[in-house]
Amino acid sequence: YTRMQSYSISVVSGGQTISFAALPNASLSASPLTLTATATSGLTVAFASTTTSVCTVWGNTVTLLQTGSCSITASQAGDTNWTAASDVSHSFTVTPANLVLATGSASGLIVGGSYSQANTASGGLTPYTYGLNAGAFVPGTTLGSDGTVSGSPTVAGSFSYQIKVTDGQGTPVTTIG
């Protein structure tokens with residue numbers, strides 16, 4: 001005896017998931033950032049920003065535009081073999097540009113002269129607070145609230161000091177004056 005049996009089977013599309021790790025907070029100075037995510041299907045994951053006033057996405061690159069909350073969504077639409085994956089979204093805070101302290105040239109380098117040396121902060125988050133981090137100011141000079149060391153030197157000699165500036169986030173930066 002020979003017996004035949006016919007079968008009709010259907011294979012359905014496989015499911016997939018996206019692996020997209022949480023994003024750390026980033027400074028405007030860190031832009032652009034590279035995004036990475038994978039789909040269990042091996043298909044390419046696409047990215048989009050839902051906060052385009054703070055950050056934009058092109059391919060897998062995020063450009064930070066201003067401080068605030070940046071939200072990125074990773075998606076994979078599927079194909080004939082794989083169903084669409086559930087989107088995965090992560091947000092992170094875009095912080096101000098890195099705090100920088102620029103030291104100007106000193107003038108009035110003579111006893112009794114009008115000594116001045118600017119220390120200018122930029123980036124970070126205002127207000128800025130300046131202070132002496134190490135060393136000693138030239139006798140007869142002081143540090144102003146704007147970061148300028150000024151006054152009238154009362155002693156000749158070589159002096160070295162280090163200025164520290166702290167921004168509103170509490171991030172200190174130092175420079176040698």
Side-chain angles (χ1 to χ4, degrees), residues 7-105 117-134 143-149 162-177:
Y7 294 96
S8 177
I9 57 172
S10 295
V11 177
V12 297
S13 300
Q16 63 173 328
T17 59
I18 294 172
S19 177
F20 180 36
L23 302 166
N25 294 343
S27 162
L28 280 169
S29 302
S31 185
L33 307 172
T34 301
L35 297 168
T36 57
T38 57
T40 53
S41 64
L43 296 173
T44 302
V45 175
F47 299 98
S49 169
T50 57
T51 52
T52 55
S53 64
V54 176
C55 59
T56 58
V57 175
W58 180 259
N60 68 338
T61 302
V62 179
T63 301
L64 306 177
L65 305 174
Q66 66 179 7
T67 59
S69 180
C70 174
S71 295
I72 305 294
T73 300
S75 59
Q76 206 318 298
D79 63 11
T80 56
N81 295 318
W82 299 94
T83 59
S86 295
D87 289 350
V88 178
S89 296
H90 289 299
S91 296
F92 64 96
T93 301
V94 179
T95 60
N98 292 341
L99 180 61
V100 175
L101 182 59
T103 303
S105 298
Q117 189 251 332
N119 297 285
T120 307
S122 61
L125 186 63
T126 59
Y128 303 123
T129 304
Y130 297 87
L132 178 65
N133 193 59
L143 176 63
S145 62
D146 65 352
T148 300
V149 178
Q162 190 178 72
I163 300 293
K164 174 176 76 172
V165 63
T166 304
D167 71 356
Q169 299 178 98
T171 307
V173 171
T174 59
T175 189
I176 297 173

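Please read these numbers as outputs of a predicted model, since none were measured by experiment.
- Pairs engaging residues 9-50 under the disulfide (SG to SG under 2.5 Å) rule: none recorded [sequence neighbours left out].
- The side chain to side chain donor-acceptor pair (under 3.5 Å) check on Asn98 picks up Ser27, with sequence neighbours excluded.
- Sorted by first and then second residue, the disulfide (SG to SG under 2.5 Å) pairs with a member in residues 58-103 read Cys55-Cys70; sequence neighbours excluded.
- For the side chain to side chain contact (heavy atoms under 4.5 Å, CB included) test, residues two or more places apart in sequence or in another chain that qualify with Ser19 are Thr38.
- A heavy-atom distance below 4.5 Å is found between the side chains of Asn119 and Thr103.
- Residue pairs meeting the ring-ring contact (aromatic ring centres under 6.0 Å, His included) criterion with at least one partner in residues 51-70, sequence neighbours excluded, do not occur; the list is empty.
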Please report, to 0.1 Å, the donor-acceptor pairs under 3.5 Å made by any side chain of residues 123-132, with sequence neighbours excluded.
{"unit_1": "Tyr128", "atom_1": "OH", "unit_2": "Gly123", "atom_2": "O", "d": "2.5"}
{"unit_1": "Tyr130", "atom_1": "OH", "unit_2": "Ala121", "atom_2": "N", "d": "3.2"}

### Query
When you look at Val62 and Ile72, which way does the side chain to side chain contact (heavy atoms under 4.5 Å, CB included) test go after all the steps?
CA-CA 9 Å; Val62 179; Ile72 305 294; 4.0 Å; yes
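- Legend: residues meeting side chain to side chain contact (heavy atoms under 4.5 Å, CB included) with Ala97, ordered by chain and number and at least two apart, are Leu28, Ser29.
- Contact annotation: the side chain of Leu35 approaches that of Leu23 to within less than 4.5 Å [non-hydrogen atoms, C-beta and beyond].
- Residue pairs meeting the side chain to side chain donor-acceptor pair (under 3.5 Å) criterion with at least one partner in residues 59-82, sequence neighbours excluded, are Gln16-Gln76, Ser71-Ser91, Thr73-Ser89.
- Phe20 is linked by a ring-ring contact (aromatic ring centres under 6.0 Å, His included) to Phe47, His90, counting only residues two or more places apart in sequence or in another chain.
- Using a 4.5 Å heavy-atom threshold, the side chains of Leu33 and Phe92 count as touching.
- In this structure, CG in Leu65 is found 8.5 Å from OG1 in Thr52, a value given to the nearest 0.5 Å.
- Closest non-hydrogen pair, Val165 versus Leu99, comes out as O-CD2, 3.7 Å.
- One finds the CD atom of Gln162 at 4.5 Å from the CG atom of Asn133 (value rounded to the nearest 0.5 Å).
- To the nearest 0.5 Å, atom CD1 of residue Ile163 and atom OG1 of residue Thr120 are 11.5 Å apart.
- Side-chain atoms of Thr148 do not come within 3.5 Å of backbone N or O of Ala118 as any donor-acceptor pair.
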